[in-house]
Amino acid sequence: MPEDLRAIGEDFSDAVLTGAEWDGREFAHCDFTDADLGLLRARNCVFTECTFTRTDLAESRIRACAFRSCRFDRVVLRDSRWEGCSLLGSSFVDCRLRQWKPGETDLTLVGMGRADLRGLDLRGVRFREANLSEADLRRCDLRDADLMGARLLGTRFEEADLRGAVVDADGLAQSVLAGARVDVNTALAFAAAKGLRID
């Protein structure tokens, strides 16, 4: 990769990069603390162990990018659309996620404990082995999402749509499900996990 497309260990703190357009760039161990990345257009980029603290990513459009073991701390994601991205092993702390649109995004092993995701469209999103403990997913559309192995202790799914979702029944048994919609197979597995006998 040409050097002008690669940034390793660079400090982008307080940088004003509003409306930047990145295609095929690579960032490793970079610090984006307090950076303004609003309206960012990024495609086919790779971010490895980067820090995003109080970063403004509002109205960004991120497509086919990988964020590997990155930390998102108090990041603004208002009206941010991410399509076909991977956030393997990344973590979110106190981020504003309510208007985030992560379409077809892989959140495997992501840390989102206590995250406020209420009402988001999360259809088909992969949360495999993610930490969603005490996260708020009330009224989320989780149809066909993959939650296999996810930590769901105290996770709130009230009025969420879980039809077609792949999820451990034992995990669901540790969550709050009042009013959630599930398919028959999930309901039977959940009942069995709760110790019910189904004849």
Side-chain angles (χ1 to χ4, degrees), residues 11-20 22 27-42 45-142 145-147 150-158 160 175-176:
D11 186 355
F12 294 95
S13 298
D14 298 307
V16 178
L17 299 166
T18 312
W22 296 338
F27 300 86
H29 308 285
C30 292
D31 187 351
F32 292 92
T33 296
D34 291 315
D36 183 351
L37 293 173
L39 301 170
L40 171 68
R41 300 295 182 264
C45 294
V46 177
F47 299 82
T48 304
E49 296 183 14
C50 292
T51 301
F52 297 86
T53 300
R54 296 182 301 276
T55 310
D56 186 352
L57 282 162
E59 300 182 59
S60 57
R61 299 295 180 264
I62 315 293
R63 182 178 293 274
C65 291
F67 294 82
R68 300 170 180 160
S69 300
C70 293
R71 180 177 173 84
F72 297 86
D73 187 346
R74 291 162 287 169
V75 170
V76 177
L77 288 163
R78 185 187 70 255
D79 195 29
S80 180
R81 297 176 183 269
W82 297 35
E83 296 289 338
C85 294
S86 170
L87 288 97
L88 181 67
S90 293
S91 62
F92 289 79
V93 179
D94 295 329
C95 294
R96 299 178 189 174
L97 301 169
R98 294 282 303 281
Q99 295 175 307
W100 182 39
K101 299 173 179 66
E104 297 181 15
T105 291
D106 187 347
L107 296 169
T108 296
L109 293 171
V110 163
M112 298 187 101
R114 300 185 178 178
D116 186 351
L117 301 163
R118 283 176 290 168
L120 290 187
D121 183 348
L122 301 170
R123 284 175 291 179
V125 171
R126 184 177 179 131
F127 287 102
R128 189 171 282 263
E129 298 184 56
N131 178 13
L132 294 170
S133 297
E134 298 183 30
D136 192 340
L137 288 103
R138 287 177 288 172
R139 300 183 301 281
C140 282
D141 189 342
L142 287 153
D146 184 352
L147 294 132
R151 293 171 56 189
L152 302 176
L153 181 62
T155 305
R156 302 189 65 176
F157 286 113
E158 294 104 316
S175 62
V176 183

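Here the side chain of Arg41 pairs a donor or acceptor atom with the backbone of Leu39 at under 3.5 angstrom. The main-chain N or O of Arg78 is never found under 3.5 Å from a side-chain atom of Ser80 such that the two would form a donor-acceptor pair. Side-chain atoms of Ser90 come within 3.5 Å of backbone atoms of Cys70 as a donor-acceptor pair (strictly under, hydrogens ignored). Formation of a donor-acceptor pair under 3.5 Å by the Ser60 side chain with backbone atoms of Ala58 is not found in this model.
Separation of atoms CG (Asp73) and CZ (Phe92) is listed at 11.5 Å; rounding is to 0.5 Å. Interatomic distance, NZ of Lys101 versus CZ of Arg61, reported as 7.5 Å (0.5 Å rounding). With rounding to the nearest 0.5 Å, the separation of CG in Leu120 from CH2 in Trp100 is 8.0 Å. Atom CZ of Arg139 is separated from atom CG of Asp136 by 7.5 Å, given to the nearest 0.5 angstrom. Put simply, CG on Asp34 and CG on Asp56 are 10.5 Å apart, with the number rounded to the nearest 0.5 Å. Taken to the nearest 0.5 Å, the CG atom of Leu57 stands 12.5 Å off from the CG atom of Asp79.
Side chains of Asp31 and Thr51: no donor on one and acceptor on the other come within 3.5 Å. Side-chain atoms of Arg126 and Thr108 form a donor-acceptor pair, as typed in the model, at a separation below 3.5 Å.
Heavy-atom minimum distance, Leu122 versus Ala145: O-CB, 3.9 Å. Shown here for Ala64 and Cys85, the closest heavy-atom pair between the two residues is N-SG, 3.8 Å. The shortest heavy-atom contact between Leu142 and Phe157 is CD1-CE2, 3.7 Å.
You'll find the side chain of Val46 reaches within 4.5 Å of the side chain of Arg68, heavy atoms only. Taking 4.5 Å as the limit, every side-chain heavy atom of Leu40 sits out of range of all side-chain heavy atoms of Leu17.
Ion pairing of Asp116 with Arg96 is absent here, as no side-chain N (NZ or NE/NH1/NH2) approaches a carboxylate O to less than 4.0 Å. Between Asp94 and Arg74, no side-chain nitrogen of the basic residue sits less than 4.0 Å from a carboxylate oxygen of the acidic one, so the salt-bridge criterion is not met. Ionic pairing of Arg63 and Glu83 is not present here: no N-O contact between side-chain nitrogen and carboxylate oxygen is shorter than 4.0 angstrom.
Under a cut-off of 6.0 angstrom, the local environment of CZ in Arg54 is crowded, with over 12 non-hydrogen atoms contributed by other residues, nucleotides or ligands. With a 6.0 Å radius and a threshold of 12 heavy atoms from other residues, nucleotides or ligands, Arg138 has its CZ atom above the threshold.
Screening Val176, Leu132, Leu147, Leu117 against Thr155 for a side-chain contact (heavy atoms from CB on, under 4.5 Å) leaves a single residue, Leu132.
Below 30°, between 30° and 60°, or above 60°: for Phe32 and Phe12 the angle between ring planes is below 30°, a parallel geometry. Ring geometry for Trp82 against Phe72 counts as perpendicular: the plane angle is over 60°, on a 0 to 90° scale with 30° as the lower cut.
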